[in-house]
Amino acid sequence: MSQGFSVYVGNAPFQTTEEQIGQFFSNVGQVNNVRIVYDRETGRPRGFAFVEFADEAAAQRAVQELNGADFNGRQLRVNLANNK
DNA sequence: AATGAGCGC
């Protein structure tokens, strides 16, 4: 259950930190939370994350402006999260 | 531990 407006961020470099993602996404709006998804067994990052924004407009800006954007040499996939 | 599309402890 999410309490905000989350976007799915895929194709991130494995070494990316939540701080780096937060900095990158705060370019389009107020970021309330960043969660990198880790493999439960090995603890390694799975290469994607979720960014929660303070408002829906920011989330939609992120999708429109940052989907496909270059991030540390990789083209990010940014989409509205399923919010389950 | 590794890997390259993926929607989450």
Side-chain angles (χ1 to χ4, degrees):
Chain A
M1 282 207 226
S2 76
Q3 314 173 13
F5 306 94
S6 300
V7 294
Y8 164 82
V9 181
N11 201 40
F14 291 118
Q15 73 273 18
T16 302
T17 66
E18 292 173 343
E19 285 83 359
Q20 291 170 351
I21 292 178
Q23 294 296 317
F24 192 73
F25 280 83
S26 54
N27 200 40
V28 297
Q30 173 68 50
V31 174
N32 280 352
N33 183 264
V34 179
R35 183 195 312 198
I36 289 179
V37 180
Y38 296 91
D39 185 280
R40 188 175 61 78
E41 321 230 333
T42 67
R44 285 178 287 103
R46 289 179 63 189
F48 66 97
F50 293 93
V51 175
E52 187 175 303
F53 285 99
D55 60 276
E56 186 175 18
Q60 296 191 95
R61 264 197 309 278
V63 174
Q64 292 169 29
E65 300 179 21
L66 299 181
N67 185 37
D70 184 87
F71 182 74
N72 291 341
R74 303 217 165 239
Q75 290 203 313
L76 288 186
R77 296 182 34 155
V78 182
N79 260 305
L80 295 179
N82 290 329
N83 254 349
K84 286 183 209 159

**Student:** Which residues in residues 66-75 of chain A have a heavy atom closer than 4.0 Å to any atom of DNA chain B?
**Tutor:** A:Arg74
**Student:** Starting at atom CZ of A:Phe14, determine the distance to atom P of B:dG4, rounded to an integer number of angstrom.
**Tutor:** 8 Å
**Student:** Would you find more than 12 non-hydrogen atoms of other residues, nucleotides or ligands less than 6.0 Å from A:Gln23 atom CD?
**Tutor:** no
**Student:** Please identify each residue that fulfils side-chain contact (heavy atoms from CB on, under 4.5 Å) with A:Asp70, with sequence neighbours left out.
**Tutor:** none
**Student:** Is a donor on one side and an acceptor on the other found under 3.5 Å between the side chain of A:Asn32 and the backbone of A:Glu52?
**Tutor:** no
**Student:** Find the distance A:Arg46:CZ to B:dA5:P and express it as a whole number of Å.
**Tutor:** 14 Å
**Student:** Under 4.0 Å, heavy atom to any atom of DNA chain B: which of residues 18-37 of chain A qualify?
**Tutor:** A:Arg35, A:Val37
**Student:** For A:Asn27, check side-chain contact (heavy atoms from CB on, under 4.5 Å) against everything at least two apart and list the hits.
**Tutor:** none
**Student:** Who else is in the cluster with A:Val63 when I, L, V, M, F, W and Y are joined by side-chain contacts under 4.5 Å?
**Tutor:** A:Val7, A:Val9, A:Ile21, A:Phe24, A:Phe25, A:Val28, A:Val31, A:Val34, A:Ile36, A:Tyr38, A:Val51, A:Phe53, A:Leu66, A:Phe71, A:Leu76, A:Val78, A:Leu80
**Student:** Which part of the nucleic acid, if any, lies within contact of A:Gly10, taking any heavy atom under 4.0 Å across all strands shown: a base, the sugar-phosphate backbone alone, or nothing?
**Tutor:** nothing
**Student:** Calculate the interatomic distance between A:Arg40 atom CZ and B:dC7 atom C1'; express it in whole Å.
**Tutor:** 17 Å
**Student:** Whole Å only: how far is the CD atom of A:Glu41 from the C1' atom of B:dC9?
**Tutor:** 12 Å
**Student:** Reading DNA chain B from 5' onward, which residue's closest nucleotide shows up sooner: A:Asn11 or A:Asp39?
**Tutor:** A:Asn11
**Student:** What's the closest nucleotide to the A:Ser6 side chain, out of B:dT3, B:dA5, B:dG8?
**Tutor:** B:dG8
**Student:** Can you list everything that forms a side-chain contact (heavy atoms from CB on, under 4.5 Å) with A:Asn72? Sequence neighbours excluded, please.
**Tutor:** A:Pro13, A:Thr16, A:Gln20
**Student:** Rounded to whole Å, how long is the line connecting atom OH of A:Tyr38 with atom P of B:dA1?
**Tutor:** 14 Å
**Student:** Stacking between A:Phe48 and the base of B:dG8 (centre distance under 5.5 Å, interplanar angle under 30°)?
**Tutor:** no
**Student:** Of the options B:dT3, B:dA1, B:dG8, whose atoms approach the side-chain atoms of A:Thr42 most closely?
**Tutor:** B:dA1
**Student:** Need to verify one output field. Residue with the more 5' nearest nucleotide on DNA chain B, A:Ala81 or A:Pro13?
**Tutor:** A:Pro13
**Student:** Would you name the heavy atoms of A:Gly29 and A:Ala58 that are closest together and state the gap between them?
**Tutor:** CA-CB, 3.8 Å
